[in-house]
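Below is one structure, written out as structure tokens; comments come after it.
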Amino acid sequence: MRPGPAPTVLVTRPAGQGDSLCERLEAAGFTVTRQPLLALEPLGGLAPAQRRLVEDLDRYQHCIFISRNAVRFGLELLFDYWPQWPPGVACYAVGDSTAAALREAGLAVRTPGADMTSEGLLALPELAAVRGDRVLIVKGEGGRQALRETLASRGAEVDELACYRRVAPALDGAGLRDRLAREAVRLILISSGEALANLTALLRPRETHKLADITLVVPSARVAEEAVAAGWQQPVVAANAADDAMLAAAQRWWSALGESE
């Protein structure tokens, strides 16, 4: 049984990327407020080494897009040089929204299905036997190296095309803390480890008891471990960062809240 009134949920996706999730949360009965915890910006002109990766796209057997943002910024670079996608270069997406963006661009795409993680992608048969193959990973600046390291250990030649950077938005920690209290936020939806790091840098949960009543929904067990290490208590782990999974996790939390109150 759910308690009333509806709890307030803070959605932290970058500006312009949370509309669908917010609409679905509101339709499910939540009160929704927004505060992006990441801003995205394209990198400047490509360095010569990165330019060569774009020019050599037809020499790769596999091209992996890490996120929808990698599609947004990466295809702009790739299509500028390759108006027609070169045959023989298979496209991969870690998640459903990334795959949808590639399909919208007219590209066939392979995905890990339900396990929308780097580990799920690495379990695909097409990426199991890659010795001697060339793999291009299209991504943001920095981030995890699990894909690169695992594919390289399987004998692939792996390159990374960084096409955008994530930056922390200009926020005041005290102001955000006051806003959470004023709007009675009970749940914060976190879509990535970077967003969690920015939130923790702003709020430092161990330093105030006022954050004890706030629960995080995170996209993976790895991010949950990072949240607990930072001082957040009992994060709810979604299956992944997609809308369906984040909504399901929020509903699961709300149902459990009703049982405990």
Side-chain angles (χ1 to χ4, degrees), residues 1-14 17-38 67-68 93-100 111-121 123 144 176-177 179-181 183-200 202-203 205-206 208-261:
M1 180 177 178
R2 290 175 175 174
T8 299
V9 178
L10 180 71
V11 173
T12 63
R13 288 186 175 172
Q17 298 187 17
D19 292 352
S20 174
L21 178 58
C22 290
E23 290 169 2
R24 296 184 64 181
L25 287 163
E26 288 172 345
F30 292 93
T31 299
V32 178
T33 188
R34 305 191 198 193
Q35 177 54 67
L37 289 176
L38 281 176
S67 65
R68 190 178 184 92
V94 173
D96 280 349
S97 64
T98 307
T111 74
D115 187 6
M116 289 187 283
T117 63
S118 296
E119 290 74 18
L121 194 72
R144 297 180 68 202
L176 178 59
R177 186 167 56 249
R179 178 184 169 189
L180 295 177
E183 298 185 15
V185 171
R186 297 290 304 275
L187 192 67
I188 301 178
L189 272 54
I190 298 291
S191 297
S192 68
E194 292 93 339
L196 171 66
N198 290 343
L199 178 67
T200 300
L202 286 166
L203 296 182
R206 287 197 176 94
T208 173
H209 70 279
K210 294 180 180 179
L211 301 179
D213 290 335
I214 294 178
T215 300
L216 304 187
V217 171
V218 297
S220 68
R222 175 182 61 84
V223 179
E225 291 174 1
E226 294 172 358
V228 171
W232 297 100
Q233 299 181 22
Q234 298 181 326
V236 176
V237 183
N240 50 65
D243 287 0
D244 286 347
M246 298 299 274
L247 174 61
Q251 290 175 314
R252 188 170 73 247
W253 166 83
W254 193 3
S255 295
L257 183 65
E259 294 171 359
S260 64
E261 293 187 352

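None of the values given here were measured: they were computed from a predicted structure. What's counted below: heavy atoms across the whole structure, side chains too, no hydrogens, waters or symmetry copies.
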Gap between atom OG1 of Thr8 and atom CG of Leu180 - 0.5 Å precision: 10.5 Å

From CZ (Arg186) to OG1 (Thr31), nearest 0.5 Å: 12.0 Å

Closest heavy-atom pair and its distance - Leu121, Ala93: CD1-O, 3.6 Å

By side-chain contact (heavy atoms from CB on, under 4.5 Å) - contacts of Leu187 (at least two apart): Val9, Leu189, Thr215, Val217, Ala250, Trp253

4.5 Å side-chain heavy-atom contact, Asp244 and Asp96: no

Arg68 backbone acceptor or donor facing Thr98 side chain under 3.5 Å: yes

For Ser220, all residues meeting side-chain contact (heavy atoms from CB on, under 4.5 Å), sequence neighbours excluded: Arg222, Val223

Short N-O contact, Arg34 and Asp19, less than 4.0 angstrom: yes

Residue pair Ser192 / Pro219: nearest heavy atoms and the distance that separates them: N-CG, 4.0 Å

For the student: nearest non-hydrogen atoms of Trp254 and Gly29, plus distance: CH2-O, 3.7 Å

Test side-chain contact (heavy atoms from CB on, under 4.5 Å) applied to Pro14 - qualifying residues, sequence neighbours left out: Gln17, Leu38, Leu40

Within-4.5 Å side-chain heavy-atom neighbours: Val11 and Leu25: yes

Worked verdict on Leu203 versus Leu176 for side-chain contact (heavy atoms from CB on, under 4.5 Å): CA-CA 8 Å; Leu203 296 182; Leu176 178 59; 4.1 Å; yes

Glu23: salt bridge (charged side-chain N to carboxylate O under 4.0 Å, His left out) partners, not counting sequence neighbours: none

Shortest non-hydrogen contact from Leu247 toward Ala28: CD1-CB, 4.0 Å

Rounded distance [0.5 Å steps], CG in Leu10 versus CD1 in Ile190: 7.5 Å

Qualifying residues under side-chain contact (heavy atoms from CB on, under 4.5 Å), relative to Glu183, sequence neighbours excluded: Thr33, Arg179, Val185

Side chain to side chain, Leu21 and Met246, heavy atoms closer than 4.5 Å: yes

Indicate every side-chain donor-acceptor pair of residues 227-243 with a distance under 3.5 Å to a residue at least two apart or in another chain.
{"from": "Trp232", "atom 1": "NE1", "to": "Thr200", "atom 2": "OG1", "distance (Å)": "3.0"}
{"from": "Asn240", "atom 1": "OD1", "to": "Ala242", "atom 2": "N", "distance (Å)": "3.0"}
{"from": "Asp243", "atom 1": "OD1", "to": "Arg13", "atom 2": "NH1", "distance (Å)": "2.5"}
{"from": "Asp243", "atom 1": "OD1", "to": "Arg13", "atom 2": "NH2", "distance (Å)": "3.4"}
{"from": "Asp243", "atom 1": "OD2", "to": "Ser20", "atom 2": "OG", "distance (Å)": "2.9"}

Separation of Ile188 CD1 from Leu37 CG (nearest 0.5 Å): 7.5 Å

CD-CG distance between Gln35 and Asn198, expressed to the nearest 0.5 angstrom: 11.0 Å

